[in-house]
Amino acid sequence: MPAVPALSYSSFRTYQECPLRWRFLYVDKLPETPRGYFTFGRVVHSVLEELVAPLVVPTARRAGENDRQRTLDEWHPPSGEPIAPRWMTSEELLAAYDRAWSSEGYTSPEEESRYRALGREILLRYYDFLVRERPFPVAVEEHLEARWDGIPVHGYIDRIDRTPAGGLEIVDYKTSRELSSEDARESDQLSLYQVLVENNYSEPVEGLTLYHLRTLTPLRAAPRERADLVGLHDRLGTVMDGIRTEAFEPTPGRHCSRCDFQDRCPEFRSVPAAEAARLRALVDRFEALRAEENRLESELRRTAEELHRAAEELGVHRVPGSRSVAVRRREEAWQFSLDHVRPLLERSGLSERVASGTPEEVRRLVRDPTVDPEVRRKVAETGARQVKWYWELEDASS
Ligand code: SF4
């Protein structure tokens with residue numbers, strides 16, 4: 001079995017969307033066609049890193065360090081020189097932008113110049129905002145790794161800031177068109193970053209922020225509670241198991257429109273011309289058989305119903321045919337109205353006894369002599385017995 005590489009948020013999301021695409025990217029390492037909006041995001045991120053890096057004062061305590069927080073005055077870089085945060089000028093910022101610019105992936109010179117102008121505007125406006133806000137970054141573009149209860153994960157965090165209360169705030173820049181507060185509250189990416197920061201720093205994460213650069217809007221969310229992270233951990237575990245067992249099935253969907261590997265994907269590959277006629281005949285035969293199967297199923301149901309009516313009228317359960325005997329059997333099941341059962345049990349503090357809500361669970365409770373008889377009676381009254389009749393064939397000679 002191959003070793004499973006540490007999962008980043010984007011690798012996790014890619015596998016969830018389509019395991020085969022994950023294999024093309026992360027096992028076969030096939031290149032993707034550059035796209036302008038990705039290039040744009042990368043360039044803006046790299047300029048923001050250049051802008052913020054001189055402001056970073058790494059005062060945050062690493063996991064395992066003692067619990068006394070270092071202050072700016074106490075912190076000295078390895079050279080021994082005290083640190084002096086330095087702000088770029090806006091001209092330096094634009095020069096950095098020009099240096100970082102890449103034309104890769106744009107579909108036309110017009111598109112490229114539109115994006116380039118947008119980038120200048122975003123960076124200048126964000127620069128003004130940052131100068132006003134004076135954040136206190138403790139890390140920028142930091143690569144963090146962790147083993148989250150057995151699952152190796154990693155990620156690059158755009159920025160980690162010191163909060164006024166002394167904790168840490170995770171900031172992720174977004175250059176996408178639209179973003180809402182719900183995105184920040186539900187972002188798996190921010191949840192994963194919280195786990196990474198908590199595993200690498202010993203100070204508490206106090207805030208999670210998606211920073212929407214186009215509108216200069218910080219979308220803030222509270223850190224996730226333990227219980228909120230369980231679902232993500234389960235989904236990461238499922239992805240890891242899939243990768244470990246090499247489960248790389250194609251999963252088509254809307255995302256296929258931006259997949260570069262359609263020519264390698266069985267979902268999009270055409271039948272070779274030499275095989276087309278043979279396979280067409282097979283499909284036609286399959287279609288005819290499926291229609292016949294449906295016709296037979298409904299005829300079988302009608303015949304069984306007619307037999308059932310006749311057996312009811314005559315009060316018989318065994319009906320001889322020429323070669324077999326049709327024997328009427330019955331199956332019984334109890335159904336309970338959970339809408340009525342649950343409030344009853346909640347009032348009696350017994351909700352956990354019917355956690356999955358199956359009829360068997362409810363019937364066990366009704367039979368349990370340790371439960372208040374009045375509760376059992378009321379629960380039993382919500383039940384209805386359902387009887388299903390069906391026919392079996394026996395050999396007439398047996
Ligand atoms: S074309 Fe669609 S189904 Fe095929 S690999 Fe790409 S994303 Fe997956």
Side-chain angles (χ1 to χ4, degrees), residues 1-45 102-108 111-112 115 148 151-156 158 172-180 182-183 186-193 210 231-284 286-287 290:
M1 292 244 174
V4 179
L7 291 173
S8 66
Y9 170 69
S10 90
S11 130
F12 161 67
R13 231 187 63 173
T14 302
Y15 187 94
Q16 279 205 314
E17 224 170 51
C18 177
L20 182 60
R21 181 159 177 268
W22 188 94
R23 197 199 84 186
F24 289 144
L25 283 171
Y26 292 92
V27 179
D28 303 340
K29 304 204 182 298
L30 300 178
E32 285 189 288
T33 311
R35 288 181 172 77
Y37 48 85
F38 285 143
T39 308
F40 175 70
R42 207 174 51 243
V43 167
V44 170
H45 272 72
S102 161
S103 303
E104 206 175 63
Y106 294 100
T107 52
S108 65
E111 187 191 48
E112 181 182 344
Y115 268 102
W148 184 18
I151 301 177
V153 286
H154 78 117
Y156 288 87
D158 286 343
D172 190 62
Y173 304 125
K174 293 288 178 208
T175 52
S176 49
R177 226 172 265 281
E178 284 177 18
L179 218 54
S180 70
E182 206 180 341
D183 290 318
E186 296 182 354
S187 161
D188 280 342
Q189 187 177 18
L190 287 179
S191 302
L192 185 61
Y193 288 177
L210 285 183
L232 175 60
H233 186 267
D234 287 347
R235 282 178 283 132
L236 282 162
T238 306
V239 165
M240 199 177 74
D241 289 344
I243 294 170
R244 190 187 293 123
T245 56
E246 301 187 14
F248 297 134
E249 288 302 311
T251 307
R254 278 176 32 205
H255 47 268
C256 294
S257 61
R258 41 188 171 79
C259 175
D260 286 331
F261 312 120
Q262 290 186 2
D263 55 338
R264 296 167 182 262
C265 173
E267 290 287 336
F268 286 83
R269 202 175 296 141
S270 310
V271 172
E275 292 287 346
R278 187 173 71 88
L279 294 186
R280 189 181 310 113
L282 278 177
V283 172
D284 292 349
F286 180 78
E287 187 190 10
R290 179 50 63 77

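These numbers were taken from a predicted model, which means no experiment stands behind them. Order of appearance sets the numbers: ligands from 1, and atoms from 1 within every ligand.
Ion pair E249/R23 not flagged as a salt bridge, since none of the NZ, NE, NH1 or NH2 atoms sits closer than 4.0 Å to an Asp/Glu carboxylate oxygen. Taking a cutoff of 4.0 Å between a charged side-chain nitrogen and a carboxylate oxygen, K174 and D158 do not qualify as a salt bridge. With respect to R42 and E104, a salt bridge is recorded, a charged nitrogen being found less than 4.0 Å from a carboxylate O.
No part of R264 comes within 4.0 Å of ligand 1, judged by heavy-atom distances.
Contact check for Y106 versus F40: side-chain heavy atoms found under the 4.5 Å cut-off. In this structure, E32 and R21 have side chains that are in contact, with non-hydrogen atoms separated by less than 4.5 Å. Side chains of L30 and D260 form no contact here, defined as non-hydrogen atoms less than 4.5 Å apart.
Among the atoms of C256, none of the N, O or S atoms falls under 2.8 Å from atom 8 (Fe) of ligand 1. The nearest N, O or S atom of C259 is closer to atom 6 (Fe) of ligand 1 than 2.8 Å.
Taking a cut-off of under 4.0 Å to the non-hydrogen atoms of P252, the atoms of ligand 1 that pass are 3 (S). Under a 4.0 Å criterion applied to the non-hydrogen atoms of T251, ligand 1 contributes the atoms 3 (S). For ligand 1, the atoms sitting less than 4.0 Å from at least one non-hydrogen atom of Q262 are 1 (S), numbered in the order shown with element in parentheses. Taking a cut-off of under 4.0 Å to the non-hydrogen atoms of H255, the atoms of ligand 1 that pass are 7 (S). Interface atoms of ligand 1 facing F268, defined by a heavy-atom separation under 4.0 Å, are 1 (S).
Regarding atom 4 (Fe) of ligand 1, its nearest protein heavy-atom neighbour is C265 SG, 2.3 Å. Scanning the protein for heavy atoms near atom 8 (Fe) of ligand 1, the closest one is C18 SG, 2.3 Å.
Ring planes of W22 and Y26: parallel class, angle under 30° (limits at 30 and 60°).
Screening residues 271-280 for side chain to side chain donor-acceptor pair (under 3.5 Å) gives E275-R278 as the qualifying pairs, with residues at least two apart or on separate chains.
No heavy atom of F261 sits closer than 4.0 Å to any atom of ligand 1.
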